[in-house]
Amino acid sequence: MPINFDKLSIQDKKAYLDKMRHSAAHVLAESVKKIYPSAKLTIGPSIEDGFFYDFDVAEPFTPNDLASIEKEMEKSIKKDTYFSEREVTKEFAKSLIKDNPYKLEILAGISSNEKITLCSHSNGDFEDLCRGGHVEKTGDIKAFKLMSTSGAYWRGKESNPMLQRIYGTAWESKKSLKKFLIQREEAAKRDHRTIGRDLQLFYFDAVAPASPFFLPNGTVILNELYSFMRDLYKKYNYDEVVTPEIFNTDLWKKSGHYTNYSDSMYFINIDDFEYGVKPMNCPAAALLYKSQFHSYRELPLRFADFGRLHRYEKSGVTHGLNRVRTFTQDDAHIFCTIDQIDNEIKSFLNMLSESYKVFGFNNMRFTLSLRPEKRVGSDNLWDRAETTLQKILDGSTCDYSLEKGEGAFYGPKIDVFVPDAIGREWQLGTVQLDFSLPERFELEYTEESGSRVKCVVIHRAMLGSMERFLGVLIEHTAGSLPLWLSPLQVVAIPIADRHRQYCKSVVDKLKLSKFRARVDGSNERMNAKIRTAQLQKVPYMIICGDKESQNNSISIRSRDGINQEIINIDDFIDVLNDERSNRSYSHR
RNA sequence: GCCCACAUAGCUCAGUGGUAGAGCGCAUUCUUGGUAAGAAUGAGGUCCCGAGUUCAAUCCUCGGUGUGGGCUCCA
């Protein structure tokens, strides 16, 4: 019975696609085996939008190899043979795969009460140890494409041998495949690295790998983000501090970074001493706290620090603005009593959702990371910290998942993830409870009774790294930033040269109201200037010719290109003022 | 760090064992315009760096660096 895909429920569609994609992985494995008989098969699951299969081969696949493998797969699909499964004994399976250490390892992991099945889709010519879950026949794989190759460690462990992975995508129809490929192309256009170049926001130079240079346009955006943060800090009672960048190694030994984090740090030798460039702000915050005596009456103290951090990230992991070697965070450390934790975290999550709303982020994902094996602090304290965080999350509207063992060594944490243009998730906000820092630095306060007690430290960042946040924001908006963030907010376009002076007077007025505006005085036709402004994603163009200059008005064209109206300049400034001060988010 | 690929003008890219080209951008001139590209002319390159092969290397080989896609990592 052929399946009518369109009539399936959403869940059934997903399940069917899963089966088909996994089936496609089998066909891929068969084809690779045909072309490279010595290839050893490992695993081939279905994944979001497609599938992969990992092979142990003598020579890595190159992109060129994909074409011939694809052809072989097409042949197999054309034959339209049935998928079948047969149950065998462990001993029999073992004898079949005796030369394949990976499959043997998988087999060894199958418990004795589970069935062991071999799957085939070619009347037994090709068999693969597999627990099953396939479509009926190879012809059910209606549309597929091999996408890329890469190395991948066996079982994801760096110490294991590197296998060669082939990624593919598969769909129930050619149309869906095409749609998927077009979507990917569209997403690629939103890549913040491309937009960053086109809009002259930032660039990279090989002399400072993975370290962005921000051009004037990009710097405007960053500064607007900082001032947005500072506004929130006023509202939520934070105090901003400024701390050094380079510290004697003694500090890093005390904080634990020297033993736990030095692989990611930059060190400098001066005057026979060793110094480390800070990868985090927390030790500095601890010193700052300790520089004065504190009473319970002062707590909580919230120190915000936009200090520049440097982390040596391994060569293969950097990525545009999203993973860099130097960055700043909207970082803050809250020093409080144990009883204040609950309120502090709630208030932080409120501030976080308030800020994310401004950027139109609604597809974030929360995780709660619980105690790792290697940790400091008593189980009692961990219990309390974990339940506190979990209770807060349960009482909120956030969907979250528990990540066992993923907490920081000093405490559990809540992280916020947001996807980029092609669906890769990046961690932005984070809030972490820390019991270790107060211990190491003896961070205390005087309580009501007069005795000295250790405080608790909460590390938190809303946007996370400003660089990464900007990267993700650019991809969300495709470069069409809201007015308040746009490097150039208004461009005045004279229809003919004789209107330049009038345009200049309008721009001067806008500048008096502190808008970023300029006249496009280039030697181009009006149409070309509009196009340029459009491509630069300038929110508003104002176009002035005889009509406008005669009755002291302007013609407005917003970058979405639809609303064109002639209005009075002061009215326009009112509209702009409104849009700017509300930091209103318009996704054009 | 690991696997693969890539590196040519400011950007996107073509090309060749005999030291290079297009489009866009930029400059100059002409053009003075009504809501997404007016025209002509011109400037601009140590073909990533270093070594090797060769009469000759931007092109072939090796090494390095950077970037991209993954893997791993991300206290």
Side-chain angles (χ1 to χ4, degrees), chain A residues 52 54 57 59-66 147-167 188 191 193-194 197-198 200 203-210 255-257 259-261 263-264 279-280 282 311-320 322-323 325 369 372 374-376 406-413 415 422 424 426-427 430 432 434 436-437 459 464-465 468 493-500 522-536 541-548 555-559 561-566:
Chain A
F52 68 76
D54 285 348
V57 278
E59 293 289 317
F61 302 113
T62 67
N64 290 336
D65 296 334
L66 291 187
M147 304 298 285
S148 62
T149 66
S150 81
Y153 300 109
W154 165 239
R155 299 235 144 146
K157 278 216 184 88
E158 207 173 0
S159 51
N160 281 344
M162 179 155 275
L163 306 172
Q164 295 303 316
R165 176 172 296 181
I166 295 178
Y167 281 99
D191 191 312
R193 292 165 299 188
T194 312
R197 212 179 14 244
D198 291 347
Q200 299 173 55
Y203 84 102
F204 290 88
D205 191 295
V207 296
S255 69
H257 286 82
T259 39
N260 292 306
Y261 205 75
D263 283 353
S264 301
M280 296 180 200
C282 21
R311 294 183 189 174
Y312 174 74
E313 298 283 358
K314 286 191 201 168
S315 58
V317 307
T318 59
H319 178 92
N322 290 5
R323 185 96 179 253
R325 287 184 175 155
S369 298
K374 241 179 92 180
R375 61 178 182 265
V376 297
E406 295 297 311
F409 73 89
Y410 48 73
K413 55 175 187 165
D415 291 324
I422 61 168
R424 282 179 298 212
W426 296 93
Q427 185 198 314
T430 183
Q432 318 179 343
D434 189 344
S436 160
L437 201 66
H459 307 248
S465 139
R468 175 179 291 180
I493 298 173
I495 287 177
D497 263 3
R498 64 178 179 280
H499 308 120
R500 270 195 206 197
S522 65
N523 187 13
E524 285 293 343
R525 294 185 58 209
M526 180 200 63
N527 279 356
K529 289 179 186 180
I530 290 173
R531 181 168 190 270
T532 303
Q534 200 76 47
L535 293 175
Q536 289 294 303
M541 290 152 248
I542 56 185
I543 295 159
C544 302
D546 291 332
K547 270 189 275 179
E548 289 80 5
S555 170
I556 301 167
R557 183 191 209 277
S558 72
R559 76 183 152 207
I562 33 180
N563 41 351
Q564 299 157 22
E565 44 178 340
I566 295 181

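Proteins come first, then strands; the chains are lettered A, B, ... in the order of their sequence lines, and each starts at number 1.
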Applying side chain to side chain contact (heavy atoms under 4.5 Å, CB included), can you list everything that pairs with [X], at least two apart in sequence or on another chain?
{"X": "A/S465", "value": "A/F327, A/E467, A/R468"}
{"X": "A/T430", "value": "A/K413, A/D415, A/Q427, A/Q432, A/A461"}
{"X": "A/P60", "value": "A/Q164"}

- Task: With RNA chain B as reference, determine whether A/A528 or A/R193 sits nearer its 5' end, using the nearest nucleotide of each.
- Result: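 Nearer the 5' end of the strand: A/A528.
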- A/R325 or A/K157: which one's nearest nucleotide on RNA chain B is closer to the 5' end?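 In this pair, the answer is A/R325.
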Considering residues at least two apart in sequence or located in another chain, which fulfil the side-chain hydrogen bond (donor to acceptor under 3.5 Å, both in side chains) criterion with [X]?
{"X": "A/D546", "result": "A/R498, A/H499"}
{"X": "A/R325", "result": "none"}
{"X": "A/T149", "result": "none"}

Looking only at atom [atom1], what distance separates [N] and [M], rounded to whole Å?
{"N": "B/C49", "M": "B/A9", "atom1": "P", "value": "11 Å"}
{"N": "B/C6", "M": "B/U41", "atom1": "P", "value": "37 Å"}
{"N": "B/G66", "M": "B/A57", "atom1": "P", "value": "27 Å"}
{"N": "B/C48", "M": "B/A27", "atom1": "P", "value": "27 Å"}
{"N": "B/G68", "M": "B/G34", "atom1": "P", "value": "44 Å"}
{"N": "B/A36", "M": "B/A43", "atom1": "C1'", "value": "28 Å"}
{"N": "B/G15", "M": "B/G21", "atom1": "P", "value": "15 Å"}
{"N": "B/U65", "M": "B/U28", "atom1": "C1'", "value": "39 Å"}

So what does [X] touch, heavy atoms closer than 4.0 Å: a base, only the sugar-phosphate, or nothing?
{"X": "A/Q536", "answer": "nothing"}
{"X": "A/N260", "answer": "base"}
{"X": "A/I493", "answer": "nothing"}
{"X": "A/R165", "answer": "sugar-phosphate"}
{"X": "A/Q432", "answer": "nothing"}
{"X": "A/G316", "answer": "base"}
{"X": "A/K547", "answer": "base"}
{"X": "A/H319", "answer": "sugar-phosphate"}
{"X": "A/Y312", "answer": "sugar-phosphate"}
{"X": "A/R424", "answer": "sugar-phosphate"}
{"X": "A/M541", "answer": "nothing"}
{"X": "A/R498", "answer": "sugar-phosphate"}
{"X": "A/Y167", "answer": "sugar-phosphate"}
{"X": "A/S264", "answer": "nothing"}

- Distance-only polar pair, side chains of A/R155 and A/Y153, donor-acceptor under 3.5 Å: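 No, A/Y153 and A/R155 have no side-chain donor paired with an acceptor closer than 3.5 Å.
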- Query: Is the shortest heavy-atom distance from the side chain of A/R165 to the side chain of A/F61 under 4.5 Å?
  - Reply: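 A/R165 vs A/F61: side chains apart.
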- Is there side-chain contact between A/Y261 and A/M280, with heavy atoms separated by less than 4.5 Å?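 A/Y261 vs A/M280: side chains touch.
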- Of all nucleotides in RNA chain B with an atom under 4.0 Å from a non-hydrogen atom of chain A, which is the first and which the last going 5' to 3'?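 The contact span of chain A on RNA chain B goes from B/G1 to B/A75.
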- Message: Listing request: all side chain to side chain donor-acceptor pair (under 3.5 Å) pairs with a residue in residues 525-536 of chain A, at least two apart in sequence or in separate chains.
- Response: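 Counting only pairs at least two positions apart or across chains, the side chain to side chain donor-acceptor pair (under 3.5 Å) contacts touching residues 525-536 of chain A are A/Q534-A/R557.
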- Query: Does A/R311 use its side chain to pair, donor to acceptor, with the backbone of A/P279 at less than 3.5 Å?
  - Reply: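 At least one qualifying donor-acceptor pair exists.
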- Message: Can you give me the dot-bracket string for RNA chain B, 5' to 3', counting Watson-Crick and G-U wobble pairs with both distances under 3.5 Å, using [ ] for crossing pairs and | for partners on another strand?
- Response: (((((((..((((....[..)))).(((((.......))))).....(((((..]....))))))))))))....
